[in-house]
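Order of the sequence lines sets the chain letters (A, B, ...), proteins ahead of strands, with each chain counted from 1. This one's a predicted model, so the numbers in the text were calculated from it and none came from an experiment.
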Amino acid sequence: MIFLKGITKLANLSKSQQVPKLLCSCKLLSNSEQNYYNIKGSLYYNRYLRNYSTDKKVHINIGTIGHVDHGKTTLTAAMTKVLQKDGLSEFVAYDQIDKAPEEKARGITINASHIGYSTIKRHYAHTDCPGHADFIKNMISGASQMDGAILVVAADDGEMPQTREHLLLAKQVGIKKIVVFINKADIVDQESLELVELEIRELLDTFGFDSEAPVIYGSALSALNGQDGEYSENSIRKLLNTIDNYIPDPQRDLNSPFWIPIDNAFSVTGRGTVVVGTIIRGVIKKNDECELLGFDSRRKTTVGDIQVFKKSIPQAAAGDHVGVLLRGVKLNSVDRGMQLVAKGSIKYTNRFKANIYFLTREEGGRSKPILSRYSQQLFSNTWNVPCRLDLEKGIEMLLPGEHGPVNLTLQWKMPMINSQPFTIRENNITVATGIITESLEPVLVTSTLGKLQL
Amino acid sequence: MIFTKRIMRFYHSSKQLFGAEKSSLAVLRKKTGYTIANCKKALQLNDNDLGQAEKWLKDQAQIMGWKKATKLEGRLTSQGLIGVAIKDSCAAMIELSCETDFVAKNKEFKSMVEIAANSCVDFASSQYKSNAPIIKICFSGEQLKELPTQDGKKLSDLLALMIGTVGENATFKRALCFKAGHGVYLAGYAHPSGDEPNHVQLGKFGSILAFRQFAPKEVDLNTVGKELCQHIVGMNPKKLGTIDEIPSEKSDYEDSLLHQEYLLDESITVKDYLEESGVEVIDFRRFQCGESMMESGDQPLELIETCQ
Ligand SMILES: Nc1nc2c(ncn2[C@@H]2O[C@H](COP(=O)(O)OP(=O)(O)O)[C@@H](O)[C@H]2O)c(=O)[nH]1
Ligand SMILES: [Mg+2]
């Protein structure tokens, strides 16, 4: 980067864990911090930028949901079997999926198996989770934001009372596209298949999903056993084809106002202050009006220059790692953890709603319950601030191992957006992990967080 | 798929017509909620007569429920719900388990827990009073199944019906009742709180408590009881403890109720809170869903209550 040549002063940013607000003359990450940043940052970026990999095939997260015994695991195995036959993936046997050891994501134990396969078009990370809590944990841990789901319904049973719970859950974890696989077509007649389809369409409609969603009749077991027939391997190919086409590629968000979390900042002699970061969303142009937000401060400025790979360019878009020259900003007013956003585009606040999971003692978390007014340090992306947590009305406590909606009050205003992940640490030990779900109106913090009347 | 297309068109043009031109199978299914396979069988056996088929299904429900229950028997049930009921001088706490936590959210499942908890309270109420401050009555899963419900059926019959409906195995794990003697108060709590069909509290954790007032103080005994129960759920004390025993050095590992930090005010111990409130704890129990993973019948010894 050309900017580097002009650096006047260079100092390492000390770990900002105890002293959250740091004012250094220059901010470049030391090695250890680079690592820290990479670990925390990768998950963060995953959510927004994972589809920009240089690999031609897009990565999609998908899962099977449905009643116990309706054939979720059999179907998952059958999909890999057919893909292996077609030379695209490796077969994963039923037992390997069913008896997969518990997985750990961000320290949380999840009873789910993640397997991967590729179709002609895409790479899929496929989750087969047995329980409701496991799905929620999967979502909160940020390991995989699901792009779509396959609802498996056995044709001999049809919709079951829990099918509603499954769709409700799909809504909760933000799944927008559902493909229906009506399984066990080998043991029922056409009338049953059609009735199950009708019922499921009605139910999809009730829960606000696309009632014209693709519905496929098939037999996972026949396909797995390599039997002949209409409902065998061909139904699986049809399913694979359908998910390839019905579930859209995650879009890089170019329409929202731009938003850049700042990793680095330095001053260039004679030119001013340059901030460096990856554009999370939107498009940034030269001369754009913008705001530098974080730790209660708000600095209005304009974009003097944009550089990517040492070249000055007129504009840059989500996914690009850029250096932005800011007009009239002193280096000592920039902190790592601040965000550069389009002017007036973000609700700048210190209060949020979030969905949180508390780690069990076995996972390294607390042993005691959490009550309202719980105050600890909140970590997100590259920054951390003191934070108070309050439970929603009607919830008297959360025990370790439980998840729930909470309200967060930060010591300072910080720009955060929906589904931004964070952790809570006590004495540097992670005790909870969560994601932001809503921005609330800010409150003025005049006392300690714990004493604040909310 | 030609047929699907036709359905789709039908669906578009007249959403409200859903159900209007349905086959008898669709009608029967919608009305009864039994599985497609069973509805089909009912129609076949009854010459497509809807009324007869429905009657047949209802008659068969119990038998089919039992069949399903038998078929699913032995499958691991590690999820579930605890139900806590308090009526007059009796408190009951029961555990009903199931295979996935989806079912634990089901109306039918919740209502089963509620009925069972009420059956236990009723049973305890029907027992003689003694002079003891409390009588503890405990049930194994098997004993629980034999209890009658308020309308005279056995709990096991209702359970089979419920299993038939939700299509997943479910097992009564255990139950415990307190019957209070003169001057003894009872309290109960279930967490997460919220669901309370017919005054039965439902949750993943539950606790019941028997306590006595030794000095009148300006406190609401209901609140004191509830808060102590919440403490028991949250802090998981293993025993009551005694006033003279030496408290554990690390407060995190303290398992005597009396010496634990009080949940709602860390600056005092439970002992302090009891003194402040003028009450003393006689006995308590805490249930956590799935803590006894074994099927009923082969529970480890310490999980089986000894009865007084
Ligand atoms: N007849 C038939 N049985 C199936 C089919 N798919 C799965 N099964 C059986 O249904 C049972 C449950 O399947 P499984 O994949 O474990 O269901 P899950 O609980 O949803 O994961 C197993 O005994 C499978 O062999 C199918 O297409 N036809
Ligand atoms: Mg399975």
Side-chain angles (χ1 to χ4, degrees), chain A residues 65-70 129-136 153-166 168-169 184 187-199 201-202 205 211-212 214-217 238 361 366-371 394-399 401-402 404, chain B residues 1 3-4 6-8 10-12 15 18-19 22-23 25-26 29-30 33-40 72 75 78-79 98-109 165-169 189 191-194 204-205 226-227 230-231 233-236 251-253 261 263-264 266 288:
Chain A
I65 53 175
H67 193 80
V68 174
D69 263 359
H70 278 200
C129 276
H132 184 268
D134 292 309
F135 256 105
I136 301 269
V153 189
D156 57 340
D157 276 354
E159 163 202 339
M160 297 293 279
Q162 288 85 256
T163 312
R164 289 167 176 274
E165 300 295 339
H166 295 141
L168 208 60
L169 168 77
K184 309 199 184 182
I187 52 167
V188 299
D189 58 12
Q190 189 69 18
E191 187 189 13
S192 303
L193 288 171
E194 283 156 9
L195 177 55
V196 174
E197 173 173 352
L198 228 99
E199 285 181 353
R201 288 196 187 283
E202 201 175 343
D205 193 50
S211 59
E212 290 173 52
V215 173
I216 291 145
Y217 302 163
K238 204 156 149 193
R361 190 176 200 138
R366 291 165 58 94
S367 53
K368 293 179 180 174
I370 294 87
L371 306 175
I395 302 178
E396 285 160 329
M397 60 180 168
L398 280 181
L399 298 187
E402 292 186 325
Chain B
M1 238 193 268
F3 186 86
T4 317
R6 188 166 61 74
I7 291 191
M8 285 322 304
F10 165 67
Y11 179 78
H12 281 308
K15 223 174 188 177
F18 246 150
K22 274 183 183 171
S23 65
L25 179 62
R29 163 100 170 127
K30 182 131 235 170
Y34 290 110
T35 62
I36 301 248
N38 281 329
C39 289
K40 210 161 174 91
L72 299 182
R75 284 210 322 206
S78 56
Q79 302 288 331
C98 53
E99 293 180 61
T100 67
D101 50 2
F102 288 106
V103 173
K105 293 169 175 288
N106 193 300
K107 231 174 42 229
E108 264 109 327
F109 188 86
T165 315
V166 302
E168 242 188 62
N169 194 15
Y189 186 78
H191 170 86
S193 46
K204 296 248 153 228
F205 303 81
K226 192 202 133 200
E227 288 181 356
Q230 187 188 350
H231 173 97
V233 164
M235 301 292 277
N236 194 12
S251 71
D252 268 17
Y253 293 94
E261 276 173 10
L263 175 70
L264 302 176
E266 282 185 6
Q288 177 174 344

Considering only heavy atoms, which portion of [X] lies under 4.5 Å from any heavy atom of chain B: side chain, backbone, both, or neither?
X: A:Ala155; value: backbone
X: A:Leu168; value: neither
X: A:Leu371; value: side chain

Picking from B:Val166, B:Asn106, B:Ile36, which has the most non-hydrogen pairs under 4.5 angstrom with chain A?
B:Ile36

Residue among B:Lys107, B:Arg29, B:Glu108, B:Gln230 with most heavy-atom pairs under 4.5 Å to chain A:
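Most heavy-atom pairs within the cutoff with chain A belong to B:Arg29.
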
CG on B:Asn236 to OG on A:Ser367, rounded to 0.5 Å:
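A:Ser367 OG to B:Asn236 CG: 10.0 Å, rounded to 0.5 Å.
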
Working to the nearest 0.5 Å, report the span between CD of B:Glu99 and NE2 of A:His67.
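Rounded to the nearest 0.5 Å, the CD-NE2 separation comes to 8.0 Å.
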
Decide side-chain contact (heavy atoms from CB on, under 4.5 Å) for A:Val68 and B:Arg75; before the verdict, give the C-alpha distance in whole Å, the side-chain angles of both, and the deciding distance to 0.1 Å.
CA-CA 12 Å; A:Val68 174; B:Arg75 284 210 322 206; 3.8 Å; yes

Taken in chain and number order and not counting sequence neighbours, the residues that satisfy ring pair (Phe, Tyr, Trp, His ring centres under 6.0 Å) with B:Phe205 are B:His191

Can A:Glu396 and B:Leu263 be said to form a side-chain contact (heavy atoms from CB on, under 4.5 Å), step by step?
CA-CA 11 Å; A:Glu396 285 160 329; B:Leu263 175 70; over 6 Å; no

Sidechain N-carboxylate O distance under 4.0 Å for A:Lys368, B:Glu266
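Result for this pair is no, no salt bridge flagged.
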
Taking only residues two or more places apart in sequence, or in another chain, which ones meet B:Lys105 in a side chain to side chain contact (heavy atoms under 4.5 Å, CB included)?
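Testing B:Lys105 for side chain to side chain contact (heavy atoms under 4.5 Å, CB included), a comparison that skips the adjacent residues, returns A:His132, A:Glu165.
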
Below 4.5 Å from any heavy atom of chain A, which atoms of B:Glu261 appear? Answer side chain, backbone, both or neither.
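Just the side chain, heavy atoms under 4.5 Å.
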
Could you pull out the closest heavy-atom pair between A:Asp156 and B:Thr35, with the gap in Å?
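Looks like O-CB, 3.8 Å.
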
Mind ranking A:Glu191, A:Arg164, A:Met160 by heavy-atom pairs under 4.5 Å with chain B and telling me who comes out on top?
A:Glu191

Under a 4.5 Å heavy-atom cutoff, which of A:His166, A:Glu402, A:Glu199, A:Met397 has the most pairs with chain B?
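Heavy-atom pair counts peak at A:Met397.
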
Side-chain touch A:Asp189/B:Lys40, heavy atoms, less than 4.5 angstrom:
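They are in contact (side-chain heavy atoms under 4.5 Å apart), so the answer is yes.
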
